[in-house]
There are 2 protein chains.
Amino acid sequence: MLSLTEENYLKAIYHLSEGGSKAVLTNALAEAMSTKAASVTDMIKKLSAKEVITYEKYYGVNVTAKGKSEALMVIRKHRLWETFLVDKLGFAWDEVHEVAEQLEHISSPRLIEKLDEFLGYPKVDPHGDPIPDSKGKIKVQPLIPIDQLPVGFHGKVAAVKDSDSNLLKYLDKIGARPGIKIKVLGKEEYDESMEILINDHRVFISKAVSQNILVVG
Amino acid sequence: MLSLTEENYLKAIYHLSEGGSKAVLTNALAEAMSTKAASVTDMIKKLSAKEVITYEKYYGVNVTAKGKSEALMVIRKHRLWETFLVDKLGFAWDEVHEVAEQLEHISSPRLIEKLDEFLGYPKVDPHGDPIPDSKGKIKVQPLIPIDQLPVGFHGKVAAVKDSDSNLLKYLDKIGARPGIKIKVLGKEEYDESMEILINDHRVFISKAVSQNILVVG
DNA sequence: ACTATTTTTTAGGTAAGTCTAAAAAATATA
DNA sequence: TATATTTTTTAGACTTACCTAAAAAATAGT
Ligand SMILES: [Mn+2]
Ligand SMILES: [Mn+2]
Ligand SMILES: [Mn+2]
Ligand SMILES: [Mn+2]
């Protein structure tokens with residue numbers, strides 16, 4: 001149905017529309033896809049013809065119900081493969097994203113159901129991101145980056161941003177993994193750095209780090 | 001280096017050149033790729049430019065050392081994935097080929113080494129085909145289809161042809177799997193059908209079946 | 001309200017991989 | 001050897017996904 005490229009565009013549109021209720025704009029999508037606005041306009045016409053998005057000229061695009069379902073299937077595959085790579089093959093969590101970007105396009109409903117079963121029907125991927133079930137149902141929890149939390153807050157790490165490999169390496173080093181207890185010990189107004197208690201260790205982290213550690217809101 | 005399409009052409013050329021020492025002809029390749037001769041001519045120019053084959057106009061192509069190595073890596077991936085699907089995910093051996101055709105193009109040296117380790121460094125895939133090692137070394141045993149064997153021969157099934165899903169379903173039903181003992185009980189000259197002893201059962205099989213069951217020559 | 005700037009779309013073009021139809025080369029036949 | 005047939009290549013065209021440059025629409029500034 002959708003080509004590999006179309007799947008990637010649709011996934012990007014879905015992610016950009018998460019949270020915000022506004023339409024996804026051409027330039028934002030071009031930025032996300034590392035491509036040019038003209039290419040985006042070409043592609044959104046195709047996706048619109050395939051009825052996975054609605055498109056109004058100059059006003060951006062919205063994902064349809066059909067499109068959301070297809071996007072969630074790609075995301076399901078991505079996160080199941082990441083889980084496989086970490087849990088079964090022993091990959092580090094900072095090594096899986098690029099490979100999962102390829103594996104998410106393998107087309108075989110049977111494969112993904114068998115993989116899900118093999119992994120024990122995981123609810124979240126190695127970075128704490130929820131895995132949509134076979135019907136496309138996803139548990140959306142509002143997550144808050146810890147840089148926005150007050151001093152004294154304590155809870156558990158729910159997820160981390162999985163975009164940057166070097167960030168993930170550092171988060172792993174300080175023990176900031178999903179499920180780990182975390183407490184905000186202090187905040188520095190000047191540079192928005194903070195001191196946290198994690199894994200029974202006091203750690204100072206900059207905002208560049210703290211905005212990538214998420215707790216349930 | 002090579003695109004998905006180029007990988008598929010190269011693999012087909014490699015398979016067509018196996019056994020025979022002659023150059024692979026345009027029409028044979030077109031047939032194997034389910035495409036037209038004109039498309040093949042275009043592609044072999046590209047593969048020749050990338051030095052994975054040598055090409056002489058009107059006389060066909062040959063795989064270079066570099067090309068053989070690249071083809072064997074694709075075949076290695078295909079067979080490791082088939083083994084994963086059967087051994088770990090519980091696929092039947094007639095269900096894996098199409099999915100492996102997709103998975104063989106995933107590009108990640110680390111992934112394939114980890115997968116090999118996870119599977120316990122298998123020597124053959126579910127159909128008995130040898131899996132090239134990480135250096136591209138493959139154990140080539142001369143295999144003979146049992147329709148060419150004399151009455152009275154006994155040995156073990158080494159491999160089966162994995163091309164047709166319905167054939168594989170039937171072979172599985174009569175128990176013709178790699179490693180199973182087999183004996184030729186009788187041959188009928190008229191239609192080249194034969195009676196074999198397999199799995200302690202006498203089975204009559206037509207040539208269409210017997211030419212797809214292979215033993216070590 | 002009228003420019004100026006930014007954003008988006010359109011126009012036209014490229015590369016990969018495919019096709020059909022026609023030309024060229026190789027092979028088979030008489 | 002000359003002709004007929006088969007095989008292969010070339011020519012020209014289509015689709016997908018991309019690009020640059022120019023036009024059009026929307027937004028911002030005065
Ligand atoms: Mn990821
Ligand atoms: Mn992830
Ligand atoms: Mn196969
Ligand atoms: Mn096989």
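Scope of the values below: all heavy atoms of this structure, side chains included, with no hydrogens, waters or symmetry mates. Chain letters run A, B, ... following the sequence lines, proteins first, then strands; residues in each count from 1.
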Discussion item. Treating primed atoms plus P, OP1 and OP2 as sugar-phosphate and everything else as base, which nucleotides of nucleotides 23-29 of chain C get B, S or - for protein heavy atoms under 4.0 Å?
Written reply: -BSS---
Worksheet item: So, is B:T35 near the phosphate of C:dT18, with a side-chain N or O under 4.0 Å from OP1 or OP2?
Response: no
Worksheet item: What residues in residues 40-52 of chain A put a non-hydrogen atom under 4.0 Å from any atom of DNA chain D?
Response: A:D42, A:M43, A:K46
Item to complete: Could you state the atom-to-atom distance from CE of B:M33 to P of C:dC19 in whole Å?
Response: 10 Å
Item to complete: Using a 4.0 Å heavy-atom cut-off across all strands, classify B:S39 as base, sugar-phosphate, or nothing.
Response: base
Discussion item. With a 3.5 Å distance limit and no angle check, can you tell me whether B:K187 reaches the backbone of B:P150 through a side-chain donor-acceptor pair?
Written reply: no
Practice prompt. Could you state the atom-to-atom distance from CG of A:L4 to P of D:dC18 in whole Å?
Written response: 10 Å
Item to complete: Indicate yes or no: does B:K139 engage B:D133 in a salt bridge with an N to O separation below 4.0 Å.
Response: no
Worksheet item: CG of B:L2 versus C1' of C:dA16: gap in Å, rounded?
Response: 14 Å
Practice prompt. Write down the distance between CD (B:E56) and P (D:dT9), rounded to a whole number of angstrom.
Written response: 11 Å
Worksheet, complete the sentence: Residues pairing under ring pair (Phe, Tyr, Trp, His ring centres under 6.0 Å) where one sits in residues 109-148 of chain B, two or more places apart or in two chains, turn out to be B:W93-B:H127
Practice prompt. Identify which nucleotide among C:dT9, D:dC19, C:dG17 has an atom closest to any side-chain atom of A:A37, counting heavy atoms from C-beta outward.
Written response: C:dT9
Worksheet item: Between A:N8 and A:H105, is any side-chain donor less than 3.5 angstrom from a side-chain acceptor?
Response: yes
Discussion item. Quick check on D:dC18: is either OP1 or OP2 less than 4.0 Å from any side-chain nitrogen or oxygen of A:Y9?
Written reply: yes
Discussion item. Taking the minimum atom-to-atom distance to the side chain of A:A38, which one of D:dA21, D:dA17, C:dA21 wins?
Written reply: D:dA21
Discussion item. What I want to find out is whether B:R177 reaches B:D172 closely enough, with some N-O distance under 4.0 Å, to be called a salt bridge.
Written reply: yes
Fill in: Donor-acceptor pair, side chain of B:S193 and main chain of B:I205, under 3.5 angstrom
no
Item to complete: Only counting residues at least two apart or in another chain, list the ones meeting side-chain hydrogen bond (donor to acceptor under 3.5 Å, both in side chains) with A:D129.
Response: none
Worksheet, complete the sentence: Here the side-chain hydrogen bond (donor to acceptor under 3.5 Å, both in side chains) pairs for residues 40-55 of chain A, sequence neighbours left out, are A:E6-A:K50
Discussion item. Quick one: does any side-chain atom of A:S69 pair with a main-chain N or O of A:A65 as donor and acceptor, under 3.5 Å?
Written reply: no
Item to complete: Please work out which residues in residues 14-30 of chain A have a non-hydrogen atom less than 4.0 Å from an atom of DNA chain C and list them by number.
Response: A:L25, A:T26, A:N27
Item to complete: State, with a plain yes or no, whether a side-chain heavy atom of B:P130 is found less than 4.5 Å away from one of B:K123.
Response: no
Item to complete: With A:E104 as reference, evaluate A:K77, A:K11, A:R79 under the side chain to side chain donor-acceptor pair (under 3.5 Å) test and give the passing residue.
Response: A:K11
Discussion item. Check the phosphate of D:dA17 against A:S3, side-chain N and O only, distance under 4.0 Å to OP1 or OP2. Yes or no?
Written reply: yes
